[in-house]
Amino acid sequence: MPLPNLYLCRHGQTDWNAEGRLQGQEDIPLNALGRAQARRNGRYLRSVLGDGAREFRFLSSPLSRAAETMRIIRTELGLAEDDFATDARLIELHFGDWQGSTIREVRARDPEGIAARKADKWNFVPPGPEAESYAMLAERVRPVFEGLDEPTIVTAHGGVTRSFLRCYDNLGAAEASHIGIPQDRILHYLDAVVSWV
């Protein structure tokens, strides 16, 4: 069954994004550029949806960078900023012991792990008891999307967007795990067609 009309928006930039740090489930706030990116996305949605935005459901990851992105989008749409739901299943991939480090820093202390990740990024699980692979994340978030029964705007994370592309745009595992996920564009799904807007 195809999903309903859906706009999936990655949160705006954080300082950790700018530094190339593996953010995962650390709750890092948006920076000034991230807020500007969220405003751009809100203005885009206003231009294409207008008053029709009121007919959409609004759903976010509970991490502050995604929730603030949603508040900014809703403000741009002329809607009450806090009138949206959150779903913990939309939280970002957990990078385990690697969270907070750059890939360069991880490579210096765990070159074998980096090599294993490079060989199969989709299925690689970093060290650490809570760590996840993208494959595990896809299984976590799929029920959220499968449960949507009305037009929805979602704010979440890069890993969630990768998972969506793998599940609903037929991207191969290697492509889904490496494709760039912009923070100033939105992924639109309508009638089983996926496009960046």
Side-chain angles (χ1 to χ4, degrees), residues 1-14 17 23-25 30 34-50 52-77 79 81 83-93 122 132 134-173 175-197:
M1 288 292 294
L3 305 178
N5 189 6
L6 173 70
Y7 291 92
L8 174 57
C9 182
R10 184 183 179 192
H11 62 80
Q13 188 190 78
T14 70
N17 287 144
Q23 221 157 211
Q25 295 182 9
L30 298 181
R35 293 183 189 96
Q37 291 167 332
R39 285 192 294 275
R40 176 270 172 202
N41 290 335
R43 287 193 298 269
Y44 171 81
L45 290 171
R46 184 179 65 214
S47 74
V48 296
L49 299 178
R54 298 178 185 280
E55 306 303 317
F56 278 69
R57 179 183 182 202
F58 291 80
L59 183 63
S60 179
S61 157
L63 288 177
S64 65
R65 57 189 182 269
E68 184 178 2
T69 296
M70 179 63 85
R71 288 187 194 98
I72 292 169
I73 286 173
R74 286 185 57 84
T75 298
E76 292 293 331
L77 290 170
L79 303 174
E81 68 173 22
D83 190 14
F84 63 91
T86 61
D87 191 318
R89 294 173 295 177
L90 290 172
I91 201 168
E92 180 61 295
L93 175 82
W122 186 258
E132 298 172 290
Y134 285 115
M136 293 162 66
L137 175 62
E139 290 307 305
R140 167 156 61 81
V141 302
R142 185 195 294 265
V144 178
F145 295 112
E146 301 285 334
L148 298 177
D149 58 4
E150 59 189 317
T152 306
I153 295 170
V154 175
T155 52
H157 305 275
V160 173
T161 309
R162 293 179 193 284
S163 298
F164 186 90
L165 289 167
R166 176 82 172 107
C167 294
Y168 302 106
D169 198 30
N170 298 314
L171 257 61
E175 186 177 1
S177 62
H178 287 93
I179 191 171
I181 307 295
Q183 292 170 301
D184 60 352
R185 297 184 71 191
I186 303 170
L187 195 66
H188 184 213
Y189 174 103
L190 180 63
D191 298 329
V193 176
V194 177
S195 58
W196 288 102
V197 294

Colleague: In Å, rounded to the nearest 0.5 Å, how long is the span from CG of Leu79 to CD1 of Ile153?
Modeller: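 Taking CG in Leu79 and CD1 in Ile153, the distance rounds to 8.0 Å.
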Colleague: Would you give the length of the straight line joining atom CD of Glu68 to atom OG of Ser60, rounded to the nearest 0.5 angstrom?
Modeller: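 Going from the CD atom of Glu68 to the OG atom of Ser60 covers 11.0 Å.
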Colleague: Do any N or O atoms from the side chain of Glu81 and from the backbone of Arg74 form a donor-acceptor pair under 3.5 angstrom?
Modeller: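 No, because the side chain of Glu81 does not come within donor-acceptor range (under 3.5 Å) of the backbone of Arg74.
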Colleague: Donor-acceptor pair, Arg35 side chain versus Leu30 backbone, under 3.5 Å?
Modeller: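 Confirmed, Arg35 side chain pairs with Leu30 backbone.
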Colleague: Are any non-hydrogen side-chain atoms of Leu3 and Leu148 less than 4.5 angstrom apart?
Modeller: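 In short, these two side chains do not touch, never coming nearer than 4.5 Å.
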Colleague: Might you point out which heavy atoms bring Gly12 and Thr69 nearest each other, and give the distance in Å?
Modeller: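 Of all heavy-atom pairs spanning Gly12 and Thr69, the closest is N-OG1, 3.2 Å.
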Colleague: Run the numbers on Val48 and His188 for side-chain contact (heavy atoms from CB on, under 4.5 Å), then give the verdict.
Modeller: CA-CA 12 Å; Val48 296; His188 184 213; over 6 Å; no
Colleague: Between Tyr44 and Arg185, is a side-chain contact (heavy atoms from CB on, under 4.5 Å) present by the stated rule, with each step listed?
Modeller: CA-CA 9 Å; Tyr44 171 81; Arg185 297 184 71 191; over 6 Å; no
Colleague: Is the Lys NZ or Arg CZ of Arg166 less than 6.0 Å from the centre of Tyr134's six-membered ring, within 45° of the axis?
Modeller: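 Because its charged atom misses either the 6.0 Å distance or the 45° angle limit, Arg166 does not stack over Tyr134.
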Colleague: For a quick test of reading the model, state the closest non-hydrogen atom pair linking Ala53 to Phe58 and the distance between them.
Modeller: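 That closest heavy-atom pairing would be O-CE1, 3.5 Å.
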Colleague: Counting N and O atoms only, with roles assigned by atom type, does the side chain of Asp87 sit under 3.5 Å from a partner on the main chain of Arg89, one being a donor and the other an acceptor?
Modeller: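 Side chain of Asp87 to backbone of Arg89, a donor-acceptor pair under 3.5 Å: yes, one is there.
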Colleague: Roughly how far, to the nearest 0.5 Å, is CG of Asn5 from CG of Leu49?
Modeller: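 Reported value, rounded in 0.5 Å steps: 7.5 Å.
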Colleague: Below 4.5 Å, heavy atoms only, C-beta onward: do Gln23 and Leu63 meet side chain to side chain?
Modeller: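 No, side chains not in contact.
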Colleague: Give the minimum heavy-atom separation between Thr86 and Leu59, together with the two atoms involved.
Modeller: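 Where Thr86 meets Leu59 most closely, the heavy atoms are C-CD1, 4.0 Å.
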Colleague: For Arg10 and Gln183, indicate whether the former's side chain and the latter's backbone hold a donor-acceptor pair under 3.5 Å.
Modeller: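 Absent.
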Colleague: Could you tell me the separation between the OG atom of Ser163 and the NE2 atom of His157, rounded to the nearest 0.5 Å?
Modeller: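 Going from OG on Ser163 over to NE2 on His157, the span is 11.5 Å.
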Colleague: Would you say the side-chain atoms of Arg162 pair up with the backbone N or O of Ile181, donor to acceptor, closer than 3.5 Å?
Modeller: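 Checked: no pair found.
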Colleague: Should the ring pair Phe164 and Tyr189 be called parallel, tilted or perpendicular, given that the plane angle runs from 0 to 90° and is split at 30 and 60?
Modeller: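 Perpendicular, since the angle between the ring planes exceeds 60°.
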Colleague: Determine whether a donor-acceptor pair (N or O, by modelled atom type, separation under 3.5 Å) exists between the side chain of Gln37 and the backbone of Gln13.
Modeller: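 Looks like yes, one N/O pair under 3.5 Å.
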Colleague: Please walk me through it: do Val160 and Ser61 pass side-chain contact (heavy atoms from CB on, under 4.5 Å)?
Modeller: CA-CA 10 Å; Val160 173; Ser61 157; over 6 Å; no
Colleague: Any chance you could measure Leu165, atom CG, to Leu8, atom CG, to the nearest 0.5 Å?
Modeller: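 Between atom CG of Leu165 and atom CG of Leu8 there are 8.0 Å.
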Colleague: Please name the pair of heavy atoms, one in Pro4 and one in Pro151, separated by the smallest distance, quoted to 0.1 Å.
Modeller: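 Looking at all heavy atoms of both residues, the closest pair is CB-N, 4.0 Å.
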Colleague: If we only count heavy atoms from C-beta on, is the Trp196 to Leu187 side-chain gap below 4.5 Å?
Modeller: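 Counting from C-beta outward, Trp196 and Leu187 do come under 4.5 Å.
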Colleague: So, for Phe56 and Gly52, which heavy atoms are closest and what is the spacing to 0.1 Å?
Modeller: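 So the minimum-distance heavy-atom pair works out to CD1-O, 3.5 Å.
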Colleague: Quick one: pull up CH2 in Trp122 and CG in Leu137 and give me the separation to the nearest 0.5 Å.
Modeller: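 With rounding to 0.5 Å, CH2 (Trp122) is 7.0 Å from CG (Leu137).
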Colleague: Which heavy-atom pair separates Glu132 from Leu93 by the least distance, and what is that distance?
Modeller: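 Heavy-atom minimum between the residues: O-CD1, 3.2 Å.
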Colleague: Output, in order, the C-alpha distance, side-chain angles, deciding distance and verdict of side-chain contact (heavy atoms from CB on, under 4.5 Å) for Arg65 and Glu92.
Modeller: CA-CA 11 Å; Arg65 57 189 182 269; Glu92 180 61 295; 4.0 Å; yes
